[in-house]
Amino acid sequence: MSKSRAEAAAGASGILLRYLQEQNRPYSAQDVFGNLQREHGLGKAVVVKALEQLAQQGKIKEKTYGKQKIYFVDQDQFDTVSDADLHSLDDKIVALNAKVQSLQQSCRHMEAELKELTSALTTPEMQKEIQELKKECTRYTERLKNIKAATNHVTPEEKEEVYRERQKYCKEWRKRKRLTIELCDAILEGYPKSKKQFFEEVGIETDEDHSVTLPDP
């Protein structure tokens, strides 16, 4: 092995040993490579070689599960933890979890507030909107003024007269339509052709032909 490779392997071994001691949990070579590659720029081959060397030196433990090797620090190097210390650590974990949940909730509230603020109009946008609304109000005010000033308003009496005339003609329309239908039905009883053919020969055009609907009474 060249001097540069040896230095690289030695440096990688120190980094990996510190990492495994700090984390104190089992990792595969792929896990270690993925976790440290961005920060330290270690290649996968260097990581694999360094882990194997650390295991051979007895600084870490190696276990094989199927085709995969798992590496972890020797637990004998750590002091024995009493039950009281374990309970104390559990209490700290519970307190930290509660703090994390509180911070996460605060983050959600802040994100919601930020979203609301970013969706709101800015001061220049609000001023522009106010000006547009003022212009619109001015247009409606002018329109209302012109309507009030007009002299061709329909009086209630004139309006009522128009409605009466409409009812009168609609009633007559309905009556004549009914009589026409009754007359045609009577003729069709002895007519050898269809109703459509009869209407075509006579020249009768129905309301439906012109998409006309008789208004409600």
Side-chain angles (χ1 to χ4, degrees), residues 27-28 30-31 33-39 44 65-68 93-94 96-217:
Y27 285 107
S28 68
Q30 178 64 39
D31 292 333
F33 166 71
N35 294 341
L36 299 181
Q37 193 273 335
R38 177 177 295 182
E39 181 179 356
K44 186 174 181 180
Y65 296 94
K67 297 181 179 180
Q68 189 176 48
I93 290 172
V94 171
L96 289 172
N97 284 333
K99 187 175 181 180
V100 168
Q101 291 180 359
S102 176
L103 290 173
Q104 288 175 338
Q105 186 173 4
S106 297
C107 286
R108 286 194 291 269
H109 288 318
M110 294 175 69
E111 287 174 354
E113 185 176 356
L114 178 61
K115 183 178 180 181
E116 183 178 351
L117 289 173
T118 53
S119 63
L121 293 176
T122 62
T123 300
E125 290 174 339
M126 185 68 73
Q127 292 173 341
K128 182 179 179 181
E129 183 72 14
I130 291 173
Q131 292 301 319
E132 292 296 329
L133 290 174
K134 285 183 177 180
K135 291 179 182 179
E136 188 174 354
C137 287
T138 301
R139 289 196 299 270
Y140 282 126
T141 301
E142 187 66 23
R143 182 179 176 185
L144 180 60
K145 180 180 177 182
N146 293 335
I147 291 174
K148 289 181 177 181
T151 58
N152 59 344
H153 294 299
V154 178
T155 64
E157 293 77 13
E158 291 173 332
K159 181 178 179 181
E160 184 63 28
E161 178 64 23
V162 171
Y163 280 134
R164 283 198 299 269
E165 288 290 319
R166 176 182 178 275
Q167 289 178 337
K168 172 183 174 183
Y169 291 119
C170 286
K171 182 178 180 181
E172 187 65 25
W173 180 1
R174 193 173 290 104
K175 175 182 176 182
R176 295 190 180 190
K177 182 174 183 178
R178 186 184 69 254
L179 292 174
T180 301
I181 292 173
E182 292 175 353
L183 179 60
C184 289
D185 288 343
I187 295 172
L188 287 169
E189 290 180 1
Y191 188 72
K193 299 180 182 180
S194 66
K195 182 177 181 180
K196 182 179 179 181
Q197 290 175 318
F198 171 67
F199 281 3
E200 290 177 352
E201 291 181 3
V202 177
I204 296 176
E205 296 180 351
T206 65
D207 295 337
E208 291 73 19
D209 292 336
H210 296 276
S211 301
V212 176
T213 302
L214 184 63
D216 295 329

May I have all residue pairs that pass ring pair (Phe, Tyr, Trp, His ring centres under 6.0 Å) and include part of residues 155-186, sequence neighbours excluded?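 Residue pairs passing ring pair (Phe, Tyr, Trp, His ring centres under 6.0 Å), neighbours aside: none found.
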Test side-chain contact (heavy atoms from CB on, under 4.5 Å) applied to [X] - qualifying residues, sequence neighbours left out:
X	answer
Q30	S28, F33, K44
D209	E205, T206
Y65	K63, I70
K196	S194, E200

Sort and list the pairs that fulfil side-chain hydrogen bond (donor to acceptor under 3.5 Å, both in side chains) and have at least one residue in [range], not counting sequence neighbours.
range	result
residues 104-114	none
residues 125-145	T122-E125
residues 177-192	K177-D207, Y191-E201

Going from [atom1] on [X] to [atom2] on [Y], what distance comes out if it is rounded to the nearest 0.5 angstrom?
X	Y	atom1	atom2	answer
T155	E160	OG1	CD	10.5 Å
E116	S119	CD	OG	6.5 Å
L121	M126	CG	CE	4.5 Å
C184	L179	SG	CG	11.0 Å
I187	F198	CD1	CZ	4.0 Å

Under the salt bridge (Lys or Arg N to Asp or Glu O under 4.0 Å) test, which residues partner E172, sequence neighbours left out?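 Listed in chain order: R176.
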Under 4.5 Å between any side-chain heavy atoms of R166 and V162, yes or no?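 No, their side chains stay 4.5 Å or more apart.
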Are there over 12 heavy-atom neighbours, none belonging to R38, within less than 6.0 Å of that residue's CZ?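 Atom CZ in R38 is not packed in, count stays at 12 or less.
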